[in-house]
Engineer: 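There's a structure below that I have some questions on.
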Amino acid sequence: MAKKPKTVLSLCRATGVLHLGNYLGAVRDFVALSEDPNAECYFGIADLHALTSLTDPEKLRPATRQVARDYLAAGIDPQQSALFLQSDVKETNELFWLLCNVTATGELLRSKTYKEMSDKQPENVNAGLLMYPVLMAADILGPQADLVPVGDDQITHLEMARNIAKRFNHRFGETLRMPAPYRKSSIRVPGLDGKGKMSKSDGNGFGIAEEPEAIWEKLRVAYTDPARQRRTDPGNPDLCPIATIHRFVSPKDDVEKIEDGCRTAGIGCIDCKKILHGHLSDLLAPVRARNQKLTDGDVSDALAAGATRVRTRFQETVATVRERMGL
RNA sequence: ACGGGCGUAGCUCAAUUGGCAGAGCACCUGAUUCCAAAUCAGGCGGUUGGGGGUUCGACUCCUCCCGCCCGUGCCA
């Protein structure tokens, strides 16, 4: 049964170095997906979307390239999947405008993220912020994606893309494929400061290609359950980010061992961190190894090839959309 | 384009009539701790958006420029 492979499109914010939370929460799944013969994957790095928040031009380009590099290091094979920069696909902008005309402004104004961003950066409430979902719809509908891996925060944006596609198809005839969300059980990796999830802006994580020594320096000083003031004080793994990370990366036996050891003061936090560090090193060793071999040229080549592939898909869609709309 | 508001440490904001530019948070170091956290001690941090002027002395007053916000207008 030669089933036609599903088109998968994923967008990633251009934030710079990918950290463990990015890896466990999303990128690792993307790698697995990309190895599925029934999936044809397109991985876009959303640098156009990044412009809606004030960004330093000196920093955006390196950050964007760093994400691309980390994707490759994580195991995305550029021969198999298309890795591209959103801004390299000029067709996105054309499709964006065409789709604007089947987008209800009311829906955009009601968008929760639009309101949140307006509050977050009141000095820069630009139109891009408002049009953000339309651009994203163009990203998704351009390559006629079947599946879109999304986090909870992006689910309403995908809904909007579906509404736009539905409205277009209704007015101009069946043209755009209806994308479906692809949701993995999303996991939340806590930050090393114990104050929430790992995030780039809070600087409470570590890069997936960092040296083990560098990772250890960050792990060593990471937050732990404050109840364990002395080595002999018992603690609660549920209150310790280290224990939570253990659950994601360590084998069951070790998880039980450290949780039990924590509750009974059988092992110290440093021991616990050392065990975690060992497993982390194993987990990330292939990533680090690939990263070391990667050259800037490899990254550029992958992005160029990816852009060409995704643009081909876009050109087909845009040609049909133009024609249907009467251009 | 006009009118109004604003611009001070990475962030939030002080600074009397014009009188030594400060605090909190964040960050770094030390004490402490199995490591952290908390606490204590110390430290880093500034061309006060920029130029010019008045003055013995300007964050403060005058002037011009830059940038942002709000409102109004003009052109398309």
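From a predicted model like this one, the values you see are computed outputs, not experimental measurements. Below, read A as the first sequence line, B as the second, and so on, with proteins coming before strands; counting in each chain starts at 1. Note that these values count all heavy atoms, side chains included, but never hydrogens, waters or copies made by symmetry.
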Engineer: Please assess E91(A) against R311(A) for the test salt bridge (charged side-chain N to carboxylate O under 4.0 Å, His left out), listing each intermediate value before the final yes or no.
Structural biologist: CA-CA 7 Å; E91(A) 291 79 2; R311(A) 287 185 72 182; 3.0 Å; yes
Engineer: C70(B) and C28(B): how far apart are their P atoms, nearest whole angstrom?
Structural biologist: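 So the two P atoms sit 36 Å from each other.
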Engineer: I'd like the P distance from G45(B) over to A9(B), given in whole Å.
Structural biologist: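 It comes out at 14 Å once rounded to the nearest Å.
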Engineer: Quick test of your reading of the model: are D296(A) and R69(A) salt-bridged, counting only N-O distances below 4.0 Å?
Structural biologist: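 Answer for the salt bridge query: yes.
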Engineer: Please measure how far the C1' atom in U48(B) lies from the corresponding atom in G43(B), and state the result in whole Å.
Structural biologist: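 Their C1' atoms lie roughly 23 Å apart.
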Engineer: In whole Å, measure the gap between the P atoms of G52(B) and U12(B) for me.
Structural biologist: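 Approximately 29 Å lies between the P atom of G52(B) and that of U12(B).
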Engineer: Send over the distance from K195(A) NZ to A36(B) C1', rounded to a whole Å.
Structural biologist: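 The answer, rounded to whole Å, is 12 Å.
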Engineer: For N204(A) and A36(B), give me the distance from atom CG to atom P, rounded to whole Å.
Structural biologist: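 One finds 17 Å between P of A36(B) and CG of N204(A), rounded.
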Engineer: Please give, in whole Å, the distance from A36(B) P to K273(A) NZ?
Structural biologist: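 Nearest whole value for this atom pair: 7 Å.
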Engineer: Rounded to the Å, how far apart are N236(A) CG and A37(B) P?
Structural biologist: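 Roughly 19 Å, once rounded to whole Å.
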Engineer: In whole Å, measure the gap between the C1' atoms of G46(B) and C59(B) for me.
Structural biologist: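 About 12 Å, rounded to a whole number of Å.
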Engineer: I need the NZ-P distance between K218(A) and C28(B), as an integer number of Å.
Structural biologist: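 That distance rounds to 12 Å.
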Engineer: Find the distance K274(A):NZ to A36(B):P and express it as a whole number of Å.
Structural biologist: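 Atom NZ in K274(A) sits about 13 Å away from atom P in A36(B).
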Engineer: Between G24(B) and A14(B), how far apart are the C1' atoms? Round to whole Å, please.
Structural biologist: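 Result for the C1' pair: 10 Å, nearest Å.
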Engineer: Sticking with atom P, work out how far C25(B) lies from C64(B), rounded to a whole angstrom.
Structural biologist: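 One P to the other, the span is 42 Å.
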Engineer: Do NZ/NE/NH1/NH2 and the carboxylate oxygens of D298(A) and K293(A) come within less than 4.0 Å?
Structural biologist: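 A salt bridge is absent here (no side-chain N lies under 4.0 Å from a carboxylate O).
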Engineer: Which nucleotide, C68(B), A37(B), C35(B), lies nearest any side-chain atom of E123(A)?
Structural biologist: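 That would be C68(B).
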Engineer: Would you mind pulling out the nucleotide paired to A23(B), Watson-Crick or G-U wobble, both distances under 3.5 Å?
Structural biologist: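 The base-pairing partner of A23(B), which may sit in any strand shown, is U12(B).
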Engineer: If pairing requires Watson-Crick or G-U wobble contacts with both distances under 3.5 Å, which nucleotide is the partner of G7(B)?
Structural biologist: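 Pair assignment: G7(B) / C66(B).
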Engineer: Considering Watson-Crick and G-U wobble pairs with both distances under 3.5 Å, what does U60(B) pair with?
Structural biologist: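 Pairing partner: none.
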Engineer: For A36(B), does either OP1 or OP2 sit under 4.0 Å from a side-chain N or O belonging to R220(A)?
Structural biologist: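 Result: yes.
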Engineer: Is the shortest side-chain heavy-atom distance between H246(A) and C272(A) below 4.5 Å?
Structural biologist: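 Answer yes - side chains close enough.
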Engineer: So what's U29(B) paired with, Watson-Crick or G-U wobble, going by both distances under 3.5 Å?
Structural biologist: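 Paired with A41(B).
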Engineer: Is K195(A) paired with D202(A) through a side-chain N to carboxylate O contact shorter than 4.0 Å?
Structural biologist: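 No.
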Engineer: Across all strands, who's sitting opposite C74(B) as a Watson-Crick or G-U wobble pair, both distances under 3.5 Å?
Structural biologist: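 Looking at the geometry, C74(B) pairs with no nucleotide.
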Engineer: Quote, to the nearest angstrom, the P distance that separates U55(B) from G67(B).
Structural biologist: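 It works out to 32 Å between them.
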Engineer: Taking the basic N atoms (NZ, or NE/NH1/NH2) and the acidic carboxylate oxygens, is any pair closer than 4.0 Å for D238(A) and R247(A)?
Structural biologist: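 So D238(A) pairs with R247(A) through a salt bridge.
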Engineer: Output the rounded distance in Å from CZ (R228(A)) to P (U33(B)).
Structural biologist: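 In whole Å, U33(B) P and R228(A) CZ are 16 Å from each other.
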Engineer: Can you tell me the pairing partner of G18(B) across any strand shown, Watson-Crick or G-U wobble, with both distances under 3.5 angstrom?
Structural biologist: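 When the pairing criteria are applied, nothing turns out to pair with G18(B), so the answer is none.
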Engineer: Nearest-Å distance, CG (N124(A)) to C1' (C70(B))?
Structural biologist: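 Roughly 15 Å, once rounded to whole Å.
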Engineer: Base, sugar-phosphate alone, or nothing: which one does D225(A) contact when heavy atoms must sit under 4.0 Å apart?
Structural biologist: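 D225(A): base contact, heavy atoms under 4.0 Å.
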